[in-house]
Amino acid sequence: MKPIQAANGFSFRVGFSGYSGHLRVEPLYTEERDNPIKSLPDFVLPPAFPTETPESIEEHIKEKYLLPRLDEDAFSPEKAGKQWDFDWFARAKIPLEPSMPRAIMVPVWELPFRRCKEGSTEGKWEPNSTQVDVSDIIVGGETRGSFPRASNGAANDIVRGSINNRPFRPGGLEDQSLERIFPYGASNGEWVREVLNGGPAQTIPPGFKQGLKLGDLMSHPCSWNVYKDQSAPDDTSVGNLSELSVQFDDLFKKAWEEDVVELDKDGHSTESDSVKSEAEANQVDVLNTLDTGSSALDEILSVEAEKVDNGRDKGGQQQKEAWAVSGGSEWIADQFYELVPDMAIEFPFELDTFQKEAIYYLEKGESVFVAAHTSAGKTVVAEYAFALASKHCTRAVYTAPIKTISNQKYRDFCGKFDVGLLTGDVSLRPEASCLIMTTEILRSMLYRGADIIRDIEWVIFDEVHYVNDVERGVVWEEVIIMLPRHINIILLSATVPNTIEFADWIGRTKQKKIRVTGTTKRPVPLEHCLFYSGELYKICEREDFIPQGLKAAKDAYKKKNSSATSGGTGSYSGSSTVQDGARGQKREPFNRGKQNKHSGPQTFGNYTGTGWGNQSNGGGQNSWGSRRTTWLMLIDKLSKKSLLPVVIFGFSKNQCDKSADSISGTDLTSSSEKSEIRVFCDKAFSRLKGSDRNLPQVVRVQNLLYRGIGVHHAGLLPIVKEVVEMLFCRGVIKVLFSTETFAMGVNAPARTVVFDTLRKFDGKEFRPVLPGEYTQMAGRAGRRGLDKIGTVIVMCRDEIPEESDLKHVITGTPTKLESQFRLTYIMILHLLRVEELKVEDMLKRSFAEFHAQKKLPEQQQLLLRKLAQPKKTIECIKGEPAIEEYYEMHTEAEEHSEQIIKAVMQSSVAKQYLTPGRVVVVKSQSAQDHLLGVVLKSPPANNKPYIVLLLKPDVPSMTQSPSDRSNLQDKKGADFHQGYVLLPKSKRGLEEDYRISAGPRKGSGIINITLPHRGAAAGVTFEVREAENTEFLCICNSKIKLDLPGLLEFVSNPAFSHTVQQLLKLKSNGNKYPPALDPLKDLKLKDMDLIKAYDKWTHLLQKMSENKCHECIKLEEHIKLAKEIKKHKEEVNALQFELSNEALQQMPEFQGRIDILKEIGYIDEDLVVQIKGRVACEMNSGEELICTECLFENQLDDLEPEEAVALMSAFVFQQKNTSEPSLTSKLSQAKQRLYDTAIRLGNLQAEFKLPITPEEYAQENLKFGLVEVVYEWAKGTPFADICELTDVPEGLIVRTIVRLDETCREFKTAAAIMGNSSLYKKMESASNAIKRDIVFAASLYITGV
């Protein structure tokens, strides 16, 4: 820096001091020295900063103000998810581009002849503009439902998603363009024609006030020449060319109309057809390259002909596209290393055939379904998918139905891959490339549109047969349906009979082929034995049943029982034991009291098995003493045969505890194993504080473990369960008493598996173990690489099972995969948030609707055939046809006919009125019409017909001769004989069935008329014939006088004429028939439904008689035609119904749930989700309606955080029968208030016809058994003390409190949506209050020991 001259000549210098930037003033003495060299200062500091140049200043400004920089607060090392070793931003050479807008303005193109030029300047058409989403017009954008979307939320939203995000478009969903923004003509050059013809060019972009000025455009008329024969244009004359010249407007207009007609499914002409000109009609054959005369039927037949030809080429059968591909892959195993030379991961063992096939298909990027037995090596396929994801720099997701499997897989994969874990309460390394999570977490991510979904390449579904679970099976179906197109699927399942069917559903749903592979061969063969009276009897080996072993066991049973009976030991028979057991079983599951929960073997419950469950009644100490002896005999036998370790499966937590305690004196471990167990337990339980280490359950299980005995069930504390699992995998536990969850949740095979009983309680009733359940548990027998054969033993105590029962459970067919899909409110609300996927689409794609949807293409073809059939018409001789109306009434009357004829006409009261002279309505012989008549004679016996005179509809001329009448009779029926015949005297009196009372001058009473008899009188044709009592349709309240001898004996024309005239007088008052008998006064009917049916019936008969088709000579012919037309319409309507959404099984329930959501304000009339619906979308752990109503009714406002979290435990606790908690008055009021809310919601759902009982609905979704426990825990009470407050096992208490923490987070998010800050803070305090000590101890699988 240059010296500065002071006023008095003193020179000084101003400079920076070191690197801190402080200014410093230094004097200069250069003027006193004459020597230039000496004028230099003794010490000059180096400049603190380099010399500034214009370039350096420009660089500084650019770096500070122009270049993008990360926010130091938001991206600090404490908040960042992953730290990179080098600067990615410096390495990236991607040019910066402005972010894409979410919506733009586009012009709306209209047809030239539909444009409105009124109000526009200079009469020119100005296009309107509309705002559209960018994702709707980007090519491929429709498959990425949430693109473009700004990722400006919290870092956790990238993994978990947000309620504000739109879900990704599910794969396999048809391209359903919501609305064609641009008609086809807008992009086919039409705008060029407008410009050429001087039309207005669109020079002003949407949203701009002015645009380009192109000046006046000159008009250039043009025409298109269309040739009929393109191959020989020279043959066409100039005159013909001028005729074929078509203006572009006409051509485009014609094309547009045809496009609309093609879209019209019903085949009816649209509005545009009405504007066709005659010129277009004349040129239609020229303009269309296709023959317009071809009908839809021709098109169908041509398509089918192609299919038939293709089918013949493939072997004479029509081949359908199969989405599930199985078989034909044997060559892959032989050429595997040539097909996959560069494997993503090397395995230290030779792969099985199904593993090689699966890996080959994974390398090809195809989805795979692997079905194999337990321990067959399905996990290899999952590992390879993880390796491929790491190789491709994508992500893979492994989903499991049970949290224990997720934790164990995390431990197994942690050393091999970059693994993260996501469960309800744990989130470890969510940025990892390989994520392990529960299926519910993945469903939530899909509904909430998590950005991490973009990176996923593989989703692995383990234990797919869990889809049969009634409560949670729906989750698998939802996830499979919701997965986007770019994600491939890997399904791992035990052997099930309908693997191909399930894979076909997935392939059809996702529109991608699913490769099905697997094996039915077990890696370690199994042998099945019965254990009875200290001996093992082999009954099955390598899937082959051995009857000799079962016979030997039955012989031993008979021998023992006979000796016991003869010895007078007082032993009871097996049958009586079975009955006692049946009584004892029902009391077993809930016989645990507060005082004896940790009492060990002192007091025992009344547990038993029934039938071939093979257990005695555990009603007292002596019974469990005999059980102890049986266990000791079994363990001794297994030890001598080197069949340890063994897993003993029972189906009751209580039974497992008591069985283990009964042999607690047995010691099965060596000193070195005891030392290993002690060291391991000390390390594992060291993370617990002092009081928790001394919990009764922890102490009791440790004492059992030291002796080589373990217990495993849901009632154990999570850390205790993990200790048992890890020690069993190490091989130091010799005997493990477990429930069936061990077979599902833990990959820990044993040498032997024992079934304590073959009956189980499934939550509703006791039933035999299913073959699939038996196979799952038996599959734990046999350790691959250690055992040559696995042993499965069934305990027999009181009887030997029957051969058929054993064959069914051991070698029977496993349970089929069946849909458990059901509608939930949270599913409906999530889908209503999105326009791309409707609830109906979800229902269609469920496994339950698979077979119905599979038939839709055939039904569509059938519907087209029906619609293409020529319509039949009815030509009425009386003018406008009314036969359809008549047929409708006739059909409706037929519905009541059987009931009326049987209950009314054949009754004893009605028969009293059917006397001579009674006017009646009788069914015609064609059964299509009914005629007015009168009863001439009633029979004395019930089984004889009546004689009636009926007025016929055909009217002959008055001058008709008897011969003409004879001809008329011959025409009407060949079997009718001549009517005017008088029997000779010798034959009179032979008919004794019908007699008339002979009065003065009234004849002898003999019937001489030949039936049927036809004639004409008073211009009307009549007929006398027999009629059964079932032919009477109506009994009228009118009666006429008859000349019976003249009618029946003398066959007098005047008598017939007088009778016909009387009947015609009854029709002269405007009604065709007289009124019917009164159902109450005359017929004495008492049934109200029957009276209504009778009134309806008589009214229909009267209306039918007034119709002009009544008594028409062509009625029978037209009725047949009307029936065919009606049948055709019904078939078409039925097919259209089957093709519509209304045919879905759960559609009525869906409509009911929609109405309920509208009623309580979750959605509006336009199905737009409201704030209550958004809050309900956050409620995953409890019933969404009850939770949401609880929040909006402010039921938690007057509660302290400890009380609020205690009340919330009712949402997540699952055990039904527990001891009654002791609550404070405040909590009791809150409990009643919440219960009343549930009852109100239950009543509302019942009103809308949902199959719900309010009391059951409330009790099912609200269980208050742990309210007191959670309240004390939140107040800081030690865990040992709260366990004494209830009879609920410790493991269930921990599980409930852990889930309660998740519920607190959901309520906290809901409070943020509602804007309730006090509730937000309260939920935060509640979560902190319960999150402590043993309840939230870290998993040993995650942290290690």
Side-chain angles (χ1 to χ4, degrees), residues 914-927 929-958 960-999 1001-1032 1040-1063:
L914 291 175
T915 56
R918 176 64 60 182
V919 180
V920 292
V921 178
V922 182
K923 186 187 302 182
S924 67
Q925 290 184 339
S926 66
D929 203 358
H930 39 87
L931 309 173
L932 183 66
V934 61
V935 177
L936 301 182
K937 187 60 184 172
S938 57
N942 291 331
N943 58 348
K944 298 296 181 179
Y946 293 80
I947 296 179
V948 294
L949 182 147
L950 304 175
L951 301 183
K952 300 291 287 184
D954 47 342
V955 183
S957 64
M958 297 301 295
Q960 196 171 14
S961 64
S963 62
D964 294 334
R965 290 194 292 270
S966 175
N967 294 335
L968 177 63
Q969 279 185 262
D970 295 338
K971 290 179 183 179
K972 298 300 290 185
D975 56 341
F976 289 170
H977 303 289
Q978 176 63 36
Y980 298 93
V981 175
L982 190 65
L983 293 177
K985 294 182 178 181
S986 60
K987 293 186 178 181
R988 293 181 187 177
L990 295 180
E991 284 231 19
E992 298 297 334
D993 290 337
Y994 297 100
R995 307 286 294 180
I996 59 175
S997 58
R1001 298 189 309 104
K1002 291 190 177 180
S1004 61
I1006 299 175
I1007 298 176
N1008 295 325
I1009 190 170
T1010 301
L1011 303 178
H1013 170 80
R1014 284 194 168 190
V1020 178
T1021 303
F1022 65 88
E1023 178 184 14
V1024 180
R1025 66 177 177 89
E1026 295 178 344
E1028 301 289 343
N1029 58 357
T1030 57
E1031 296 184 53
F1032 291 106
I1040 62 177
K1041 293 182 179 181
L1042 299 177
D1043 182 9
L1044 292 179
L1047 294 172
L1048 300 179
E1049 182 177 358
F1050 303 112
V1051 194
S1052 169
N1053 285 339
F1056 282 113
S1057 178
H1058 181 68
T1059 303
V1060 170
Q1061 289 178 1
Q1062 289 186 79
L1063 288 176

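Counting begins at 1 with the first residue of the sequence.
- Annotation: the span from L931 atom CG to L951 atom CG amounts to 8.0 Å, rounded to 0.5 Å.
- Scanning all heavy atoms of the two residues, the minimum distance from A1016 to F1022 falls at N-CE2, 3.4 Å.
- Remark: H1058 NE2 to L1047 CG distance equals 9.5 Å, nearest 0.5 Å.
- Going from atom CG of L936 over to atom CG of L1042 covers 6.0 Å, rounded to the nearest 0.5 Å.
- The shortest heavy-atom contact between A1017 and S1057 is CB-CA, 3.6 Å.
- Shortest non-hydrogen contact noted between E1031 and R1025 is OE1-NH1, 3.1 Å.
- Residues that satisfy the side chain to side chain donor-acceptor pair (under 3.5 Å) test with T915, not counting sequence neighbours, are K1039.
- Annotation: side chain of L1044 is not in contact with side chain of K937 (no heavy-atom distance under 4.5 Å).
- Between atom CD of residue E1049 and atom CG of residue D1043 there is a gap of 10.5 Å, rounded to the nearest 0.5 Å.
- Once rounded to the nearest 0.5 Å, the distance linking CD of E1023 with CG of L1011 reads 9.5 Å.
- Going from atom NZ of K923 over to atom CG of L950 covers 13.5 Å, rounded to the nearest 0.5 Å.
- Annotation: side chain of S938 is in contact with side chain of P916 (closest heavy-atom distance under 4.5 Å).
- By the 30° and 60° cut-offs, the orientation of the rings of F1032 relative to Y946 is perpendicular.
- Residues L1063 and G933 share a closest heavy-atom pair of CD2-O, 4.1 Å.
- The shortest side-chain heavy-atom distance between I1007 and I947 falls under the 4.5 Å cut-off.
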